[in-house]
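Presented below is the structure to which this report refers.
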Amino acid sequence: MPGGYEWLIIIAVLLLLFGAKKLPEMARSVGQSARVFKGEMKGLKDDDARSRQTEEPKPAQELPAAAPAPQQTTPAPQQTPQQPPAQATDRPAGPTA
């Protein structure tokens, strides 16, 4: 960490580089940026806390007594229409010209 004389040298160099008018503007913008950053970090922490609360399992509730299962009836077999057998042709199967 810089000591007393080092801070004076740093401030003098900054004054020479940026001028007396720019330094307050720069300090103000750094402060606003830090404030915005702090607010965003707090928002992220709040979001994390909310997500942890929703992820926690709720205590188990008693389920109502199960109703008896309905009786299953077997459906009648469906009849499928029969297709006529394929008719034989006198031509051999293959490409035609």
Side-chain angles (χ1 to χ4, degrees):
M1 193 78 186
Y5 287 112
E6 287 134 359
W7 278 113
L8 288 175
I9 294 172
I10 291 171
I11 291 172
V13 170
L14 289 174
L15 279 171
L16 288 174
L17 289 176
F18 297 107
K21 290 185 179 181
K22 288 284 186 177
L23 285 180
E25 293 173 15
M26 289 174 44
R28 194 174 302 119
S29 67
V30 168
Q32 287 175 347
S33 299
R35 199 174 312 124
V36 168
F37 182 75
K38 183 179 176 182
E40 291 295 325
M41 292 302 293
K42 183 180 179 189
L44 287 174
K45 287 179 184 178
D46 291 344
D47 289 344
D48 287 343
R50 284 187 205 130
S51 67
R52 286 187 194 128
Q53 288 175 355
T54 58
E55 290 176 359
E56 290 179 4
K58 295 181 179 179
Q61 297 177 354
E62 290 185 27
L63 297 175
Q71 294 180 353
Q72 294 181 354
T73 58
T74 55
Q78 296 179 354
Q79 295 180 353
T80 57
Q82 293 182 350
Q83 296 178 352
Q87 296 179 355
T89 59
D90 293 334
R91 293 184 287 185
T96 57

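Excluded from the calculations below are hydrogen atoms, water molecules and symmetry mates; all remaining heavy atoms, backbone and side chain alike, are included. Predicted model only: the values in this text are computed from it and were never measured.
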Hydrophobic cluster membership, [X] vs [Y], 4.5 Å side-chain cutoff:
| X | Y | result |
| --- | --- | --- |
| M26 | L15 | yes |
| V13 | L8 | no |
| I11 | L16 | no |

Expected output: side-chain E6 to main-chain G3 donor-acceptor under 3.5 Å: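 At least one qualifying donor-acceptor pair exists.
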With D48 via side chain to side chain donor-acceptor pair (under 3.5 Å) - residues at least two apart: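 Listed in chain order: nothing, the list is empty.
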Sequence-distant partners of R28, salt bridge (charged side-chain N to carboxylate O under 4.0 Å, His left out), two or more places apart: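 Once residues adjacent in sequence are excluded, R28 has no partner under the salt bridge (charged side-chain N to carboxylate O under 4.0 Å, His left out) criterion.
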Please tabulate, for the side chains in residues 35-44, all donor-acceptor contacts under 3.5 angstrom to protein atoms that are two or more places apart in sequence or on a different chain.
none

